[in-house]
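Worksheet: the structure to be examined is printed underneath.
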Amino acid sequence: MRVPRQFQVIAALIGLFLGALALVALVMQPRREDMALFAFLLATPVLVAGLGATVARRQAWWRQFHSVAVALFITYAIGAGLILLTVYVTARLMFISAHDANLALVIVVFATVVTLVFGYFVAVSLRDAIADIIRAARAVQQGNLDAAADDRGSDELAVLARTFNEMTAQLRRVRDQETQLTQARRDLIAWVSHDLRTPLTAMRARIEALSDGVVNDPREVTEYLTAIRTDTWALNRLIDDLFELATIDAGGLRLDLADYAFGDMVSDTITAMSVLASSRSITLQGEVAPEVGVVHISPQHIQRVLNNLIGNALAHTGPGGCVSVVATRAGQGDPVMVKIGDTGEGIAPADLPHIFERFYRGERSRARASGAGMGLGLAIAHALVEAHGGKIGVESELGKGTTVWFTLPR
């Protein structure tokens with residue numbers, strides 16, 4: 001239970017009074033009648049200070065000043081005045097010599113003035129520290145999130161300044177994220193328009209050519225139908241990516257976990273994508289270590305991860321290159337490590353920290369030229385792997401290729 005502040009002040013003053021009275025009795029050993037006088041002299045400033053503290057707290061009179069330095073200085077002055085009054089009365093009553101009493105009074109006045117000067121500069125320093133925090137807060141209010149308060153020191157004001165600086169740093173991060181999100185939304189609109197318009201325009205032209213009888217040769221008809229099927233597959237994949245991303249963002253991702261032979265999944269994926277690899281003259285191969293065995297996963301989602309990563313590797317590997325899928329496990333209780341490597345152009349060091357960000361495609365002209373899509377595949381793979389409790393990362397060197405790896409826990 002916390003004791004109210006005014007009771008703490010009163011208890012401290014009573015303790016101070018009793019301690020001072022005991023010290024007088026111990027040092028001076030006055031007579032009984034003098035002891036009563038000492039008690040009266042010591043009780044008077046204590047009583048005044050106690051009443052003043054109680055009234056000041058209830059009325060909050062220090063809040064009426066425009067400066068904390070003035071409030072503190074007046075507080076120092078009141079305390080010094082009480083001391084000066086006590087010494088003056090004591091000197092008049094107890095000193096035999098008027099000369100000695102006046103000398104003591106002069107010394108106390110001098111000490112009081114020195115104390116007030118010292119207290120004033122302490123109050124001014126506190127005021128300046130508060131003013132600096134106010135300045136920084138007003139700058140933030142006007143939109144300058146780079147403003148910072150002076151946080152040197154270890155007192156409460158320094159802690160307040162550091163807390164304020166941490167708050168502004170967090171606001172800057174939020175601002176930067178909002179800026180990136182706004183840019184991502186603009187890119188989304190531009191890329192969706194481009195990636196939808198291009199295949200739709202081509203499909204429309206081919207369908208009109210077939211419908212109008214412009215193309216009659218069976219071989220050309222077959223080529224047109226194949227191209228339409230390819231464009232339809234690309235549109236379907238784009239829609240699936242957008243739907244998957246919306247599901248993840250809405251918190252609706254559901255993992256139906258089951259024991260699954262990971263070697264079969266890798267084999268099926270390579271078989272399914274070998275046609276695409278062959279059409280681009282790329283070698284696609286896989287290897288699953290025997291100790292990998294069965295993993296506890298959501299098969300459809302990990303299948304999606306493999307499809308996205310292998311498809312991305314094929315898109316960035318030139319003819320004659322190679323894409324490999326390797327899965328290993330150090331021990332029975334250890335996670336499965338899956339690596340998808342390619343011999344493509346690699347990723348620039350500046351792009352590496354961002355490749356798992358949605359809509360990020362590095363050099364945009366190169367990304368579109370390679371058919372990299374909207375930059376959603378890696379972001380979706382990242383989210384699905386982490387949903388399984390695994391980790392995902394990338395290693396790359398320009399001109400030598402890229403390896404994307406992810407782990408699946410036991």
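Remember, predicted model here, so these are calculated numbers, not experimental data. Numbers here simply count residues along the sequence, with the first being 1.
Evaluation of the salt bridge (Lys or Arg N to Asp or Glu O under 4.0 Å) rule for E395 yields no partner, not counting sequence neighbours. Remark: R135 pairs with D132 by the side-chain hydrogen bond (donor to acceptor under 3.5 Å, both in side chains) rule, at least two apart or across chains. Remark: T317 pairs with no residue by the side-chain hydrogen bond (donor to acceptor under 3.5 Å, both in side chains) rule, at least two apart or across chains. H382 is linked by a ring pair (Phe, Tyr, Trp, His ring centres under 6.0 Å) to F356, counting only residues two or more places apart in sequence or in another chain. Listed by chain and number, the residues in a side-chain hydrogen bond (donor to acceptor under 3.5 Å, both in side chains) with R173 are Q170 (sequence neighbours excluded).
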Taking only distance into account, with no hydrogens and no angle test, what donor-acceptor pairs under 3.5 Å do side-chain atoms of residues 209-217 form with protein atoms, sequence neighbours excluded?
from	atom 1	to	atom 2	distance (Å)
N216	ND2	G213	O	3.1
D217	OD2	R219	N	3.1
D217	OD2	E220	N	3.3

Enumerate, atom names and distances included, each donor-acceptor pair closer than 3.5 Å involving a side-chain atom of residues 281-291, sequence neighbours excluded.
none

Result block: side-chain N/O donor-acceptor pairs under 3.5 angstrom for residues 263-274, not counting sequence neighbours:
from	atom 1	to	atom 2	distance (Å)
T269	OG1	M265	O	2.8
T269	OG1	Q303	NE2	2.4
T271	OG1	S267	O	2.9
S274	OG	T271	O	2.8

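Residue pairs that meet the salt bridge (Lys or Arg N to Asp or Glu O under 4.0 Å) test with at least one member in residues 252-261, sequence neighbours left out, are R254-D256. Identified under the salt bridge (Lys or Arg N to Asp or Glu O under 4.0 Å) test for residues 162-171, with sequence neighbours left out: none. Sorted by first then second residue, the salt bridge (Lys or Arg N to Asp or Glu O under 4.0 Å) pairs that include residues 109-125, not counting sequence neighbours, number zero. Every pair passing salt bridge (Lys or Arg N to Asp or Glu O under 4.0 Å) that includes a residue from residues 293-309 is listed here, sequence neighbours excluded: D241-R304, E244-R304.
The 12-atom threshold is exceeded at CZ of R172, counting heavy atoms of other residues, nucleotides or ligands nearer than 6.0 Å. Atom CZ of R175 sits in a crowded spot, with more than 12 heavy atoms from other residues, nucleotides or ligands closer than 6.0 Å. Around CZ of F164, the count of heavy atoms belonging to other residues, nucleotides or ligands within 6.0 Å exceeds 12.
Smallest separation of non-hydrogen atoms from A136 and A147: O-CB, 3.9 Å. In terms of heavy atoms, L309 sits closest to A381 at CD2-CB, 4.1 Å. Across all their heavy atoms, T402 and S396 have their closest contact at OG1-OG, 2.8 Å. Closest non-hydrogen pair, P299 versus I297, comes out as CD-O, 3.2 Å.
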